[in-house]
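These notes are about the structure you will find just below.
Computation of the quantities below employed the complete heavy-atom set of this structure, encompassing side-chain atoms and omitting hydrogens, waters and symmetry-equivalent molecules.
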Amino acid sequence: MIFYFRLKTSQICNAILQQALMFDLHMQLNDYSGDNSMNFIKSKILSIFEILRSGGSSFEDHHVILFLLSTYKDGLLNANWKLNNSSIIEEIGSKLILHENLYFKNYSRIFEIYRNLINRISPNELEQILKIVFDLDKSSLKENFLEIFEETLEKMAPDQSRTFGGAILPKKLSKFMSSLVTSKSDKTVYIPFAGFNSIGIEQKNYSVLISQEVNQTVWALGILRIMAHKIVINSKFECENSLINWPKNQKFDLIISNPPLNVRLGETFENTEFSSNTVESFLLEKGLNSLNENGKLVAIVSQSFLYETFRTRSLKEFLIKNGHIETIINLPEGVLSHTSISSAIIVIRKSSKDSKSIKMIDTRSFEMIENLRTKSLKFDEISSILSSDLENPNLRSVSIEEVIENDYILSVPRYFLEVPKGVKLREVLTQVRRNIRSIPETGKFVRIRDLKDDALDFTISADKLEILPLRQNLASEVNQSCLMVASRWRTLKPTIFNFDGATIYVSRDIFCFEVNESIVDTAFLISELNSENVKRQLEAYQVGSSVPFIKREDFLNIVISIPENKEQQRQILIRVQEEALKAKEKEIGLDLRLAEFKENYTRDLQSLKHSVRQYLSPLRSNISGTRKFLKKNEGKPIFLNQIFSENQNITFEAHLDRLDHILNSINTLLKLDGFEIKNIQHLALQELIKEAITLFSEENHFTIENRMEDSNSINEINSEDLEITPIVSIAKADFMTIISNIISMPRIMDLRTRKKII
């Protein structure tokens, strides 16, 4: 279908239109013949969300939608019922009493929760919602229910997670975790801390499946979810606290879980064998004891659990020395959308015969960015690596001895670090003794932000420091020259402090060292600490994602290359030259950017002037018309509904509105200031043309008419089946500029015939 805009004007105007009016015209076809298609059902569900939002319903209650859809699909909701809260609740309750099979008994388990939610919806809103639900084709809903359920739950999940702590694991991650254990046809499975049961719905070929979730709302959604996936037989999903209700005297082939990360336990749970003080350590300790002889445990744990060497040391020491850890796979930040905590997958085996190593997989080269906030991994490729006997640079079998040498730290990146030849920093640096007692209320304080991140300018002195309030547990006193290094964030910011007799106070997040200058030149050391070689080692040793940090012992294990003194001086000179060249290039780059900015500013200013100028002509014309109208009616009463222009057939009120519209358009342009990115919108073309008529029609100059010439294809379609709205994708200001140019061009060219139809 094509829309034609007939142009009766000079050849110049036609040429302008051919170049400028290449609009992206879209046909919006509201075809209601497919009312029960997937898109129709999803759009109706979105409209239910809008009803709940507009009615002030709390977002954590919105999952009632899934209950209503599910009960309607399964015949527990009847379109012939009275549409009010009490009758709906009574009818569902009475129908559930009649059902004896296991599937419908799951509804009975969660009925009270949804009874309360339905009662919280106002009668008027509930009536609107049920009318929408009953309008859905039940057979189409049944056929596509799993997809509809999962997409709807995914939309609600972020709000539910923030409120109740539940989390929906990405489907690919849940499937991958389940695949890490060889499947058998009759395995017994236990899923503690199940959340929305993301892992449970991926389980296949089980004989017994037990899941637990402590939060009632998350548990209820999990029940609806396993019903949608038709995982009911031999599946037991309980609203229980796994910490308290861990199954006793029962062994499992597989325990698999995504527990709360970095959550401390109370004293009640610290009487375990290894004094587990976090949910993760509790899970691993209890899980190992609950596995049968060939069973395995798969869990997501925080990077801090793998890295921490104090609270979790006894448990990790036991697991490592006895060969219970089979595999560790690090996960990049963003894979778990509900948390920013860095994490990893750990696989624990009960049987540890001849286990002398741990498989570690570095997944950094398998990352995929799905959007600005989330990442995914190429899980198929990772699975292929695990199942293959071939060597791979992303997989290492790390000996237990090597892990013990690294103080039982299980952070994966450090075991993939290629340590260069050279000298460890501990051989050239000595820790400065710092006074942490008797800290005054104020003093000259060094924070990480005060350190230098410059290979050439790397010194600070007391006279340049601010006097700030000091906190006893966050500051320490320093009374000597030293090297200062940041322990947090992604750069070390190595800085030399020159002591001049004035006492300073340093943040606890800063390491302070004396430099053995008989071995290494200070300037050379600063240069090395800023090098790519050190940055790679820093990345491997650091832990934490939001605020990465490095422990002092790991920092001192960083290796640098230290040549002889003469070579150090030569390399310093070379690096100074390199830095000077970079600075010069940066200066040149800034000059170019400044010139570009000036050019863009001039162009944008000219564009702004032109855009404002387009409204001045109709503004002058309208003011002139106003003057004529007032002179014509001088001494007479003037009314708003009085005809202002017979040619244009508009009233005086419409004329004033047009003047107001023109002034508002100029005001909008001036607010843009010529620099804002114009907002591209999908606008109704006919409405734009009407607005152009309002803005630019000038008596005795131009009139604008909108003519649509129907094509044969349009005439063949029944108008009752089709609603057509031509849409143009453009910034409104640009559209008006084009129309203004078309109108002004004949006047500029001083064409003989001044009255044209466009």
With the side chain counted from C-beta on, respond yes when K175 and F379 share a heavy-atom pair under 4.5 Å apart, and no when they do not. no
Quick check: do Y415 and V403 have side-chain heavy atoms less than 4.5 Å from each other? yes
Just wondering, do F252 and N292 contact through their side chains at under 4.5 Å, heavy atoms? no
For Y107 and S70, does a side-chain donor sit closer than 3.5 Å to a side-chain acceptor? yes
Against the six-membered ring of Y541, is R414 placed for a cation-pi contact (under 6.0 Å from the centre, within 45° of the normal)? no
Close side-chain approach of V181 and I256, heavy atoms under 4.5 Å: no
Between V534 and L529, which heavy-atom pair has the shortest distance, and what is it? CG1-O, 3.7 Å
Can a side-chain donor-acceptor contact be found between N258 and S198 if the only test is distance below 3.5 angstrom? no
Identify the heavy atoms of A194 and F237 that sit nearest to each other, and give their distance. CB-CE1, 3.9 Å
Tell me the closest heavy-atom pair linking N530 and K535, and the distance in Å. O-CE, 3.5 Å
On a heavy-atom basis, the closest approach of I231 and G200 is CD1-O, 3.9 Å
Taking side chain to side chain donor-acceptor pair (under 3.5 Å) as the test, write out the residues that go with E280, two or more places apart. S302
Other residues, nucleotides, ligands: >12 heavy atoms within 6.0 Å of D380 CG: no
Between L306 and K316, which heavy-atom pair has the shortest distance, and what is it? O-NZ, 2.9 Å
Under-4.0 Å salt bridge between R313 and E308: no
N241 (side chain) donor-acceptor with L243 (main chain) under 3.5 angstrom: yes
Indicate yes or no: at least one non-hydrogen side-chain atom of Q303 is less than 4.5 angstrom from one of S411. yes
Taking only residues two or more places apart in sequence, or in another chain, which ones meet R508 in a salt bridge (Lys or Arg N to Asp or Glu O under 4.0 Å)? none
Distance, nearest 0.5 Å, that separates CD1 of I382 from CG of N392: 10.5 Å
Apply the side chain to side chain contact (heavy atoms under 4.5 Å, CB included) test between F67 and each candidate in T71, I65, L69; give the one that qualifies. T71
Could you tell me whether E147 and K42 make a salt bridge, using a distance below 4.0 angstrom between a side-chain N and a carboxylate O? yes
Closest heavy-atom pair and its distance - K359, L386: NZ-O, 3.7 Å
Does E333 offer a backbone N or O that forms a donor-acceptor pair with the side chain of S342 under 3.5 Å? no
Could you go step by step and tell me if R120 and E125 meet the salt bridge (charged side-chain N to carboxylate O under 4.0 Å, His left out) rule? CA-CA 10 Å; R120 287 211 285 264; E125 289 165 14; over 6 Å; no
Determine whether L153 and L224 make a side-chain contact, defined as any pair of heavy atoms from C-beta on separated by less than 4.5 Å. no
When you measure from the side chain of S388 to the backbone of S384, do you find a donor-acceptor pair of N or O atoms at a distance under 3.5 Å? no
Interatomic distance, Y206 atom OH to L254 atom CG [nearest 0.5 angstrom]: 13.0 Å
Please check: side-chain N/O of S58 versus main-chain N/O of D61, any donor-acceptor pairing under 3.5 Å? no
Short question: side chain of R349, backbone of G323 - any donor-acceptor pair under 3.5 Å? yes
Between N294 and D253, do the side chains contain a donor N or O and an acceptor N or O under 3.5 Å apart? no
Check: Y72 side chain, L136 main-chain N or O, donor-acceptor pair, under 3.5 Å: yes
Carboxylate-amine/guanidinium contact E293 K251, below 4.0 Å: no
How about F416 and V398: do any of their side-chain heavy atoms sit closer than 4.5 Å? no
Looking at E202, E150, E213, which hits salt bridge (charged side-chain N to carboxylate O under 4.0 Å, His left out) with R225? E150
Whether Q203 side chain and L209 backbone form a donor-acceptor pair below 3.5 Å: no
Lys/Arg cation over aromatic F145: K73, 6.0 Å, 45° cone: yes
Ignoring hydrogens and geometry, is there a side-chain-to-backbone donor-acceptor pair from K187 to K204 under 3.5 Å? yes
Begin with the C-alpha distance, continue with both residues' side-chain angles, and end with the deciding distance and a verdict on side-chain hydrogen bond (donor to acceptor under 3.5 Å, both in side chains) for N533 and Q537. CA-CA 7 Å; N533 165 45; Q537 295 178 71; 3.1 Å; yes
Might you work through the salt bridge (charged side-chain N to carboxylate O under 4.0 Å, His left out) test for E539 and R536, ending with a clear yes or no? CA-CA 5 Å; E539 184 180 351; R536 283 193 297 270; over 6 Å; no
Would you please test I385 and F366 for side-chain contact (heavy atoms from CB on, under 4.5 Å) and show each step? CA-CA 12 Å; I385 291 173; F366 298 101; 3.2 Å; yes
Would you say L288 and F318 make side-chain contact, with heavy atoms under 4.5 Å? yes
Run W489 and R449 through side-chain contact (heavy atoms from CB on, under 4.5 Å) and show every step you take. CA-CA 11 Å; W489 307 107; R449 72 182 72 173; over 6 Å; no
